Amino acid sequence: MPEAVRPSNLAQPVETQVAQSNAGSDPRLQPPRSLTALVAGTRASVVEIRAPADHRARLLELGLVPGTLVELVRLAPLGGPVEVRVRGSQLVLRRDEADHIWVQPWVGPAPGRPEASSSE
Amino acid sequence: MKAALELVLRRGRKRGPTTAKVRQVVVCGNPNCGKTTLFNALTGLRAKVGNYPGVTVERKEGRLVGSPVEAPVQVLDLPGCYSLMPQSLDEAIAREVLLGRAVGVPPPDAVVVVVDASNLQRNLYFATQVIELGYPTIVALNMIDLARQNGLEIDAAALSQRLGVPVCPVVARTGQGVAALRQSLLELLRRGTPAPEPRRFCKLPAPFAAEVDGLAGLLEQLFPGSRVRAQAEALLLLGDERFGATSCVHYPEAVCQAVAVARQRLEQAGLDWRTAAIEGRYDQVAEIQRAVTTVTATPGETLTDRLDRVLTHRWWGLVIFAVVMALMFQGIFTLARYPMSLLQVLVNQSEAGLGQLIPPGPLHDLLAKGVVRGVGAVVVFLPQICLLFLFLGVLEDSGYMARAAFLGDRIMSRLGLSGKSFIPLLSSFACAIPGILATRTIENWRDRLVTILVAPLMSCSARLPVYTLLIAACIPDLPVLGPLRLPGLTLLGAYVLGLSGAVLMAWLLKGSLLKGPAPLLILELPPYRLPLLRTLLRHMWDRAKVFLQQAGTVILGINILLWFLASYPKNVQLERTFQERRAALQAQAPADSESALEALDRQHTAAQLEYSFAGRLGRLLEPVLKPLGFDWKIGVGIIASFAAREVFVSTMALMYDVGQPHGDRRGSGTLAEALQAQRRPDGTRLYTPLTGLTLIVFYVFALQCASTVAVVQRETRSWRWPLFQWAYMAGLAWGMAFVCRHVGLMFGLG
């Protein structure tokens with residue numbers, strides 16, 4: 001697992017940081033995209049939360065801290081909420097709220113399940 | 001100045017002299033961690049449900065079972081929180097209580113943090129925040145059975161060492177470990193332990209930690225007697241988005257300034273003060289969790305996962321939900337019928353019994369018609385309400401409710417509401433009262449208010465007798481399409497109209513009066529499990545108790561008022577005439593004296609009604625009702641049916657001198673015939689199809705239910721909202737009836 005990206009350091013834009021950490025990092029990680037753009041069943045690592053301030057704080061407090069392993073379990077019909085597994089619990093978030101969560105999907109099996117451990 | 005501040009902020013206030021020193025224990029934790037189950041186990045059946053002053057947040061308190069008499073222990077169950085940085089009113093209240101600042105709530109002597117063992121990291125996030133506050137704390141490690149099922153074994157002793165507080169493994173549902181927890185709690189209170197050395201469960205970057213220390217110093221200076229550790233408080237203040245230049249409540253200016261300056265310095269150093277603490281805490285918490293957990297098995301797909309694949313499926317999920325709802329309503333309808341008729345019989349017997357005990361006269365009238373009949377009409381609902389809450393309890397405790405919210409969220413969010421409004425609105429098809437009571441699960445007060453305001457528009461079962469009567473009296477039985485006939489379609493139309501009205505009003509209200517930022521919707525999908533009968537019954541009884549209390553106060557009051565309006569003033573001449581006729585009839589003693597006497601009584605009541613305040617109000621309302629095609633008699637019916645919609649049917653029966661329908665169709669048929677026979681002064685039919693339709697439309701929208709008004713008043717803790725609700729629904733009813741009539745006239749239906 002590559003060094004966790006730390007956007008709490010505001011000095012550098014996210015893309016640079018990701019590029020830096022990707023340089024010489026795990027080839028199983030794909031470029032970052034929104035959580036809702038994933039296919040159900042994919043596992044990914046959180047990169048950044050691009051939401052308005054207090055939503056962002058709450059999403060982080062639920063455990064979606066950068067570097068966390070998440071699994072997109074399913075998407076509800078008709079553009080409804082999405083179900084996510086993170087740090088051992090199953091959460092449901094609205095589609096437009098989950099859009100703000102930027103992740104790097106893992107290709108093939110990710111190390112560990114998003115249950116017993118969160119980040120390596 | 002400082003002294004005044006301290007007084008205002010209630011910090012470190014010395015307790016006044018009391019005979020028995022009541023110790024206060026607070027139970028807190030994430031939502032869905034079993035906190036309330038544990039609270040119930042700790043307090044037995046002695047919990048009292050109230051509200052925090054000024055807000056509609058539920059406050060549950062009870063005495064600890066087994067607490068010594070000379071030093072009783074009071075337990076307070078806080079609303080569930082994910083963090084001490086609040087997102088909702090519920091969380092804000094919980095925080096106020098934990099910081100010792102809540103009005104009317106003494107600061108805690110000890111805190112029990114309930115932690116869900118199968119969800120350890122997120123729960124520890126909150127638990128560590130609470131431990132840092134510095135109160136004597138116990139961690140209740142709940143749901144260890146579930147964790148074990150998931151293949152996770154947690155070492156409570158190791159956890160205790162890492163957290164620095166006692167950890168008691170429990171399974172609140174079965175009661176396992178609760179006795180030990182109670183003992184530890186009493187021990188903790190008895191020892192009056194000096195608070196453990198300050199711990200911080202947060203890996204903070206150095207500049208941030210320095211700022212926290214500085215701020216803590218300031219807080220210590222300003223509030224020397226505080227029960228809460230200054231370090232913890234400083235950390236919370238610094239990281240809380242909502243605390244800042246704009247909203248500096250509870251704290252003096254100096255603190256706000258210091259926080260603003262500290263944040264500026266951090267930003268300059270390139271640190272995000274909003275998130276540094278969160279990430280640092282999760283780092284630590286993840287480490288703790290890894291250290292104390294042993295993975296014994298990696299379960300494959302759990303039963304919950306398998307069930308969810310079907311129950312939240314794109315299409316099957318919705319179908320199954322519809323079936324479950326249909327079964328639920330049908331079940332309530334059928335099962336409640338027998339107890340309801342039984343209760344009705346009891347009420348009738350009481351009324352008759354009163355007749356034996358008390359001689360006829362105003363007192364008898366008041367008790368029989370005002371009290372017994374009035375309150376009885378409400379109490380008869382009890383079986384329906386109990387059953388509804390039983391079913392809702394099953395849905396909630398089994399975990400299915402969260403899936404329903406998940407499925408319904410899309411539709412609800414188009415209206416500006418959330419999936420949590422789905423089931424309360426559906427329940428309102430049976431009766432708005434339990435639907436309104438069920439809105440307690442909606443945390444966002446705006447969403448909750450809109451759901452409450454809109455719930456009565458869902459055509460409840462009480463409207464059915466009114467619809468049935470009017471359709472039988474006014475709508476011709478014409479075929480429309482195949483097996484579909486006009487009467488059936490009209491009934492369906494009434495329901496659809498009500499539903500559309502509700503949707504429209506919800507959308508309007510959410511877009512204007514009650515517009516607000518949409519909070520984050522977070523739902524948890526707890527694992528499926530079998531609900532415990534004990535918990536279900538207890539829950540049902542809690543709600544039933546509230547309902548009965550309600551009936552005994554506000555509803556009683558309103559019914560007595562209505563009885564008064566319908567019975568007074570008495571016309572002496574009228575009374576005398578009827579007395580004479582009665583005497584004459586009894587003297588004659590004809591073969592069918594019983595029914596003749598009944599007929600006389602009905603005429604008497606009808607005449608009395610015409611002369612009464614209610615009758616006069618009906619005549620007074622006539623100008624308002626004329627444009628709708630109604631006359632004063634219908635006006636009286638509408639006024640009388642404010643108590644309950646079904647009263648319209650019995651009032652009409654009185655006005656038109658028809659025998660009371662005893663639940664068989666023949667009765668209502670006779671009334672329908674009587675209505676059909678009514679003629680205006682100029683000879684045209686009074687109850688034309690159009691009149692009937694207009695009246696139906698009126699009843700679809702009007703809030704004709706004193707009980708609903710009373711319940712809304714209780715739930716919103718003010719008269720403003722129920723009155724607004726009644727007014728807007730009355731306006732809607734009048735407007736829609738007006739439109740209906742005039743569109744009908746245009747089409748020549750007249």
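Note that this is a predicted model, so its numbers are computed, not measured. Every chain is numbered from 1 and lettered A, B, ... according to where its sequence line falls, protein lines coming before strand lines.
- The distance from atom OH of B:Y282 to atom CG of A:L62, rounded to the nearest 0.5 Å, is 6.0 Å.
- Counting heavy atoms from C-beta outward, B:T275 and A:R56 have side chains that approach closer than 4.5 Å.
- Residues forming a ring pair (Phe, Tyr, Trp, His ring centres under 6.0 Å) with B:F126 (at least two apart in sequence, or on another chain): none.
- Here A:R58 pairs with B:E91 in a salt bridge; the nearest charged N to carboxylate O distance falls below 4.0 Å.
- Contact of the A:L91 side chain with the B:R122 side chain is registered, since non-hydrogen atoms from C-beta on lie closer than 4.5 Å.
- Take B:Y528 and apply the ring pair (Phe, Tyr, Trp, His ring centres under 6.0 Å) test, not counting sequence neighbours, and it matches no residue.
- Minimum heavy-atom separation, B:Y125 to A:E61: OH-OE2, 3.0 Å.
- Atom OG1 of residue A:T68 and atom CD of residue B:E279 lie 9.0 Å apart, to the nearest 0.5 angstrom.
- In terms of non-hydrogen atom pairs under 4.5 Å with chain A, the most contact-rich of B:D308, B:D116, B:L120, B:N123 is B:D308.
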